[in-house]
Amino acid sequence: MNILFQGDSITDCLRDTADPADLGQGYARIAAGLLRAGHPGIPLTFRNLGVAGSQTADLLARIETDVVQVQPDLVSLLIGINDVWHYAADRRWLPQDVFEGQYRAVLETIRTRTHAKLVVLEPYLLPLPRKAFFREDLDPKIQIIRRLALAYADVFVPTDGLMTAALLGRPQDAFSEDGVHLNDAGAQVLARIYADWVGPVIEAMAQS
């Protein structure tokens with residue numbers, strides 16, 4: 001069973017692009033280990049093709065080579081925070097209809113041009129005061145992703161709420177210094193969330 005991680009720097013996380021087997025140093029690598037350990041009877045192969053800095057438009061531009069030609073059995077998609085961050089300096093936000101069109105085109109391509117099960121993880125922002133203003137644009141984009149996930153996804157992971165809930169009783173910067181890029185503790189949490197939500201799908205696919 002071939003599983004593809006797609007997204008931006010959260011997924012990429014310093015992977016060696018010259019080594020197709022390298023999963024980077026973040027949640028994708030940890031999640032792969034958890035899934036292998038939790039499902040020892042299922043042969044699992046993982047590939048990470050996340051690219052740091054990617055927005056939805058960038059993923060759409062490389063979707064032919066980085067998704068369609070790969071033909072995975074399962075695609076995990078975590079993207080969208082850069083569609084906010086890259087416009088935050090002057091708050092000239094990417095219009096919501098443009099974002100929705102790009103994100104929908106990504107999902108539509110995966111649905112129609114691969115046989116893959118589709119896992120959509122919504123982008124998250126951990127609660128650091130200096131980035132609280134991101135919410136004015138991020139929250140509507142999360143709502144768009146939720147609507148699209150209902151139409152296209154096999155699994156939808158409400159990452160934004162789950163990551164914030166995991167911070168209870170911890171300092172606000174326990175998982176990330178900037179609210180987005182995760183340290184090892186944050187990557188461990190996201191990987192566990194991922195494994196818990198995706199594990200049942202892998203079991204069902206193996207039995208089908």
Side-chain angles (χ1 to χ4, degrees), residues 1-13 15 20 23-24 26-32 34-36 38-39 42-51 54-83 96 98-124 138 141-163 190-208:
M1 189 182 302
N2 299 312
I3 297 172
L4 173 64
F5 294 100
Q6 264 298 354
D8 49 38
S9 57
I10 301 165
T11 302
D12 180 334
C13 204
R15 68 183 176 90
L23 297 177
Y27 93 93
R29 176 184 59 81
I30 301 167
L34 290 171
L35 289 170
R36 285 192 177 110
H39 309 279
I42 304 173
L44 300 174
T45 301
F46 297 90
R47 190 166 183 189
N48 183 350
L49 289 177
V51 176
S54 283
Q55 300 179 53
T56 52
D58 301 308
L59 177 55
L60 187 59
R62 59 184 172 86
I63 200 164
E64 178 70 30
T65 57
D66 289 10
V67 179
V68 175
Q69 292 181 17
V70 177
Q71 284 298 310
D73 299 304
L74 186 148
V75 176
S76 293
L77 182 62
L78 173 55
I79 199 163
I81 191 63
N82 288 325
D83 293 78
Q96 305 299 351
V98 174
F99 174 77
E100 180 167 357
Q102 292 169 172
Y103 204 107
R104 183 186 298 274
V106 168
L107 300 182
E108 183 72 21
T109 302
I110 295 170
R111 266 286 172 241
T112 59
R113 300 193 58 204
T114 79
H115 64 270
K117 296 291 187 182
L118 178 56
V119 178
V120 171
L121 298 89
E122 67 187 14
Y124 60 85
L138 176 60
K141 286 182 167 60
I142 286 176
Q143 293 302 319
I144 288 169
I145 291 170
R146 290 176 178 178
R147 291 199 309 270
L148 292 174
L150 287 172
Y152 289 95
D154 296 286
V155 178
F156 170 69
V157 186
T159 328
D160 189 46
L162 293 172
M163 290 295 291
L190 181 54
R192 172 53 65 187
I193 289 169
Y194 181 89
D196 287 346
W197 284 70
V198 175
V201 178
I202 289 174
E203 291 177 3
M205 291 171 66
Q207 294 169 7
S208 63

Original post:
Do Arg62 and Gln6 meet the criterion of a side-chain donor-acceptor pair at a distance under 3.5 Å?
Top reply: yes

Subject >> Side chains of Leu60 and Thr56 in contact at under 4.5 Å (non-hydrogen atoms) >> reply: no

Original post:
If we only count heavy atoms from C-beta on, is the Val70 to Thr65 side-chain gap below 4.5 Å?
Top reply: no

Can a donor-acceptor pair be found, under 3.5 Å and without considering hydrogens, that links the side chain of [X] to the backbone of [Y]?
| X | Y | result |
| --- | --- | --- |
| Asp58 | Ala61 | no |
| Asp154 | Leu118 | yes |
| Asn48 | Leu23 | yes |
| Glu203 | His39 | no |
| Thr159 | Glu122 | yes |
| Asp66 | Leu59 | no |
| Arg47 | Ile3 | no |

**OP:** Please indicate whether Arg192 has more than 12 foreign heavy atoms, meaning atoms of other residues, nucleotides or ligands, lying under 6.0 Å from its CZ.
**Re:**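 Result for CZ/Arg192: open.
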
Original post:
Should we count NZ of Lys117 as having more than 12 external heavy atoms under 6.0 Å?
Top reply: no

Original post:
Less than 4.0 Å between a side-chain N and a carboxylate O, is that true for Arg113 and Glu108?
Top reply: no

Original post:
Can you say whether the rings of Phe5 and Tyr27 are parallel (under 30°), tilted (30 to 60°) or perpendicular (over 60°)?
Top reply: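 Answer is perpendicular, since the angle exceeds 60°.
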
